[in-house]
Amino acid sequence: MGKLNVVVTGAAGGVGQVLLPCLRERYDVVAIDRRRIRGVAAKRFSLSNRRRLASAFRGADVVVHLAADASWKATWTSTLENNIVGTRNVLEAARIRGVRRVVFASSNAVVMGYEDDEPWASIVAGRYEGLDPATFVRLTPTMPVRPANLYGVSKAFGEALCRYYSDQFGISVICLRIGSVRPTDRPTRSRHFATMISHRDFANLVIRAIEAPDDVRFEILYAVSDNTWRLYDLAGTERIGFTPSDNVEDWRAASKLSSERRIGTAMSPPRPAAT
């Protein structure tokens with residue numbers, strides 16, 4: 001069997017730059033973005049261009065939809081155009097072209113409002129006294145959405161739109177509520193120990209979503225590493241064959257050695273191997 005044909009929207013973004021090299025090793029990839037991608041022959045146009053979207057999706061097996069205005073301070077105008085209308089255009093082009101699966105980049109922002117309450121407020125602040133990582137309640141995909149910004153609102157809408165296209169048109173859709181993807185693959189804030197997914201785990205999860213069995217019709221899954229203090233429940237990821245390999249807690253001790261590293265008296269732990 002030949003390689004799967006995979007289209008990636010928003011391929012020039014931060015998440016896309018982490019993901020694209022791994023996907024290009026495994027699939028025939030068409031990258032889409034409004035911006036130029038260094039070293040990649042991408043198709044450059046906006047998601048508002050429905051004709052070009054439909055053309056780009058011709059022959060695609062899977063679409064990985066990353067494109068969005070990901071700023072937590074995004075205006076309503078930008079959120080509406082890029083995240084809501086853009087997602088509808090992607091799903092409609094997928095329907096027209098008979099794409100069998102869409103992997104939708106949702107976000108932990110869909111449930112960020114819970115971080116105002118305990119115990120989650122203490123966990124993201126790094127205050128662990130009196131808490132047990134084995135017993136505190138983790139956020140599940142079945143809990144009510146609770147966005148804390150318009151970006152989160154748009155991703156919650158996107159999940160609902162994905163469910164509609166799955167139920168009404170038979171497209172398999174897997175929504176990934178992505179945690180913190182750091183450019184350096186390292187935690188730099190206390191919140192990252194609760195929300196981060198390593199580059200290796202993220203690439204593996206997306207690959208498992210792309211290659212999930214055909215009977216997976218609709219799923220909402222959290223994209224997070226197996227962190228000691230992770231906020232999110234990983235239930236459901238086993239249905240697509242994903243098990244995280246990393247725990248960003250391993251980097252906590254390294255972060256305390258930053259001053260020694262600067263003068264060359266200590267070394268950081270080895271970087272996790274690439275997928």
Side-chain angles (χ1 to χ4, degrees), residues 6-27 29-40 42-44 46-47 62-74 78-79 82-84 86-87 90 101-112 147 149-152 154-156 158-159 162 173-189 191-192 194-210 220-225 227 230-232 237 240 242 244-246 248 271-272 274-275:
V6 177
V7 176
V8 181
T9 72
V15 171
Q17 290 181 57
V18 168
L19 192 59
L20 199 59
C22 301
L23 299 188
R24 293 180 72 204
E25 288 180 358
R26 195 175 183 97
Y27 311 115
V29 173
V30 173
I32 297 174
D33 205 292
R34 290 182 297 187
R35 295 172 292 173
R36 188 181 305 277
I37 308 173
R38 182 177 298 178
V40 177
K43 296 180 181 293
R44 297 181 61 191
S46 166
L47 297 187
V62 179
V63 171
V64 179
H65 177 37
L66 306 177
D69 183 340
S71 172
W72 292 357
K73 296 181 180 180
S78 179
T79 301
N82 294 294
N83 303 5
I84 293 178
T87 296
V90 165
R101 172 164 295 149
V102 173
V103 179
F104 173 59
S106 187
S107 171
N108 69 93
V110 169
V111 292
M112 193 174 291
N149 47 49
L150 287 177
Y151 175 62
S154 72
K155 290 300 184 179
E159 291 179 358
C162 287
V173 185
I174 299 175
C175 302
L176 302 178
R177 288 183 178 172
I178 301 170
S180 303
V181 179
R182 304 299 302 149
T184 60
D185 209 13
R186 301 287 192 279
T188 57
R189 299 170 48 201
R191 184 176 184 270
H192 296 156
T195 63
M196 192 175 136
I197 184 167
S198 69
H199 292 184
R200 171 168 63 175
D201 281 342
F202 183 56
N204 282 339
L205 175 58
V206 173
I207 288 168
R208 296 282 73 80
I210 289 170
I220 296 175
L221 305 173
Y222 280 105
V224 64
S225 288
N227 309 326
R230 60 182 164 82
L231 290 189
Y232 316 117
T237 57
I240 65 169
F242 172 73
S245 299
D246 297 318
V248 299
R271 178 183 175 88
T275 302

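By convention here, the first residue in the shown sequence is residue 1. Because the structure is a prediction, the values reported are computed rather than measured.
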*asked:* With a 3.5 Å distance limit and no angle check, can you tell me whether R230 reaches the backbone of Y232 through a side-chain donor-acceptor pair?
replied: yes

*Which of these passes side chain to side chain contact (heavy atoms under 4.5 Å, CB included) with V181: D201, L19, V18?*
V18

*Is the closest side-chain heavy-atom distance between Y222 and V111 below 4.5 Å?*
yes

*asked:* Among H65, E159, R177, K155, exactly one meets side chain to side chain donor-acceptor pair (under 3.5 Å) together with S106. Which residue is that?
replied: E159

Minimum heavy-atom distance between [X] and [Y], given as atom pair plus value:
| X | Y | answer |
| --- | --- | --- |
| A223 | L205 | CB-CD2, 3.4 Å |
| A67 | L47 | CB-CD1, 3.6 Å |
| A31 | I37 | CB-CD1, 4.1 Å |
| V248 | M196 | CG1-CE, 3.7 Å |
| G16 | P21 | O-CD, 4.4 Å |
| A11 | D33 | N-OD2, 3.3 Å |

Distance in Å, [X] [atom1] paired with [Y] [atom2], rounded so as to fall on 0.5 Å steps:
| X | Y | atom1 | atom2 | answer |
| --- | --- | --- | --- | --- |
| R208 | T237 | CZ | OG1 | 12.0 Å |
| L66 | L20 | CG | CG | 9.0 Å |
| F242 | I207 | CZ | CD1 | 10.5 Å |
| L176 | I220 | CG | CD1 | 10.5 Å |
| S180 | L231 | OG | CG | 9.0 Å |
| T9 | F104 | OG1 | CZ | 9.5 Å |

*Heavy-atom count around R34 CZ within 6.0 Å, excluding the residue itself: above 12?*
no

*Using a distance-only test with no angle check, is there a side-chain donor-acceptor pair under 3.5 angstrom linking T195 and N108?*
no

*Partners of S154 by side-chain contact (heavy atoms from CB on, under 4.5 Å), sequence neighbours excluded?*
T79, N83, I84, Y151

